Amino acid sequence: MKNLRKFVAPEFVFGVGALDLVGRYAANLGAKKVLLVTDPGVMKVGWSGKVIENLQAAGIEPIVYSAVSPNPRAEEVMSGVEDFRCNSCDLIVAVGGGSPMDCAKGIGIVSSNGGHVLDFEGIDNVSIPGPPLICIPTTSGTSADVSQFSIITNLQEKVKIAIISKTVVPDVALIDPTTLLTMDNFLTACTGIDALVHAVEAYVSTAHSPLFDLHALEAIRLIHENLLAVLQSPDNLELRGRMMLASLEAGLAFSNASLGAVHAMAHSLGGYLDLPHGECNAILLDHVMAYNFPEAGERYVRIGEAMNLDLRGLSLKKKRTAILAEIGGLKKSAGIIHTLSDHGTSRSDVPHLAKKAIQDPCMVTNPMRPNQRDIEVIYEEAL
Ligand SMILES: [Fe+2]
């Protein structure tokens, strides 16, 4: 083992009832007034209300900030900073999927460091840690509650920027599978495939390591075994728990090993055309795997085995076919059947999308080193 590897993870509590610990954790962190970052969808299904009640019962005043879009925008981060400062808040709680959590991380960065959130783009550019942050995820996909990533949209430039820093790892993640019971099937499918992509990209990342691999392969096994089952039985808390665990393990893997071309290309699509993250990843996954196969073939075979495929005795070419078919079949069975053109992407968008994707920090750890034309071809195949 020649290379140094660091494993960063927050304190987390996993299991039914974890959400109810928010007041106690916030009080232990010394909070008096909390900025609660959430979004209208999560407010509507009641999880934000539950967190508010719990904080109030612990004698903490929550200030709700819910003006967060599905692809959170720099402006939304900056107005959240205003709310944090004007109300003299001393802690941030994020409740929701990746959008409120990424927005909350941005609010924390600017609250402590000043400036504009877009100034912190890139790797290790945040010098002062934000105020304490507690994350409560309500999807089994993004893992922003355990990750070193915050993805923010720059609306003027139509790009998503990635802020990657140990300082954006939350202080505490309260991971409660009960919150998944209000997800509809399409969101369950898209976030489940997003978690699968996290695990696959972390496993074949050029920064992989045995410790990250354990979590990545277990996440792949769990998602392969439980995604279709949970779509059949969305009220089954046991199955929801397994998907939440898969998301957590995928998050631990990718937060440390980083990602690859699927995420670089999905970020480009999200920034330019405001397309949903999970679905973009799902659409691109098998196309990117086909491209990466020459460099990552052996690792993809391990992924195939984690998906319970019997690949013994097959040539590498046949293994490739079987693995890609399994991924394609899983996507289709989960109801993800659209292409990029169904979402309004046209051939004329491709050169711009590819140019931005090449510059995304997630591309750095992709097993193949693509040029502009390679990425254009992958987008064209996914149209
Ligand atoms: Fe993702």
Side-chain angles (χ1 to χ4, degrees), residues 68-72 94 96-106 135 137-153 159-164 168-170 173 175 180 183 186-205 207 212 215-216 219-220 222-223 227 243-244 246-271 273-289 292 327 330-331 334 336 340 343 356-357 360-366 382:
V68 182
S69 309
N71 286 314
S99 313
M101 291 194 278
D102 281 351
C103 186
K105 289 176 175 187
C135 282
T138 61
T139 70
S140 43
T142 75
S143 314
D145 48 298
V146 294
S147 84
Q148 308 186 55
F149 286 65
S150 170
I151 309 292
I152 304 293
T153 297
V159 288
K160 277 185 161 188
I161 63 136
I163 300 170
I164 305 168
V168 303
V169 176
I175 307 169
L180 305 181
M183 284 204 293
F186 190 63
L187 185 61
T188 302
C190 288
T191 52
I193 299 286
D194 187 22
L196 178 68
V197 177
H198 293 156
V200 168
E201 296 214 284
Y203 189 69
V204 302
S205 156
F212 316 155
H215 294 292
I220 292 163
L222 281 166
I223 294 163
L227 178 59
M243 287 303 293
M244 194 56 126
S247 171
L248 168 62
E249 296 221 47
L252 294 172
F254 95 77
S255 175
N256 289 287
S258 197
L259 294 160
V262 180
H263 271 78
M265 296 174 70
H267 291 158
S268 184
L269 282 162
L273 301 166
D274 205 18
L275 301 189
H277 175 75
E279 197 178 358
C280 287
N281 275 335
I283 293 170
L284 293 165
L285 175 61
D286 37 346
H287 301 286
V288 170
M289 286 178 77
N292 277 337
I327 295 278
L330 183 63
K331 274 169 44 172
I336 300 171
L340 294 181
H343 283 286
K356 295 293 180 191
D360 190 280
C362 292
M363 198 62 94
V364 176
T365 42
N366 191 65

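As the structure lists them, so they are numbered: ligands from 1, and atoms in each ligand from 1. Remember, it's a predicted structure, so these values are computed and weren't measured experimentally.
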Asker: So if I apply the side-chain contact (heavy atoms from CB on, under 4.5 Å) rule between S205 and each of T365, V200, L259, which one comes out positive?
Answerer: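 Checked T365, V200, L259 against S205; only one passes side-chain contact (heavy atoms from CB on, under 4.5 Å): T365.
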Asker: For H198, what is the atom name of its N, O or S atom nearest to the Fe ion (ligand 1)?
Answerer: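 H198's closest N, O or S atom to the Fe ion (ligand 1) is named NE2.
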Asker: Less than 4.5 Å apart, side chain to side chain, heavy atoms only: is that true for E279 and I283?
Answerer: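 Of all side-chain heavy-atom pairs linking I283 with E279, at least one is under 4.5 Å.
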Asker: In terms of the angle between their ring planes, are H267 and H277 parallel, tilted or perpendicular, with boundaries placed at 30° and 60°?
Answerer: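 Rings of H267 and H277: parallel, under 30°.
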Asker: So which N/O/S atom does D194 have closest to the Fe ion (ligand 1)?
Answerer: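 Of the nitrogen, oxygen and sulfur atoms in D194, the Fe ion (ligand 1) lies nearest to OD1.
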Asker: Run through C135, P72, S143 and flag the one making a side-chain contact (heavy atoms from CB on, under 4.5 Å) with M101.
Answerer: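 Per the side-chain contact (heavy atoms from CB on, under 4.5 Å) rule, the option paired with M101 is C135, out of C135, P72, S143.
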Asker: Angle at the Fe ion (ligand 1), NE2 of H277 to NE2 of H263, rounded to 10 degrees, please.
Answerer: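 H277 NE2 and H263 NE2 form an angle of 100° at the Fe ion (ligand 1).
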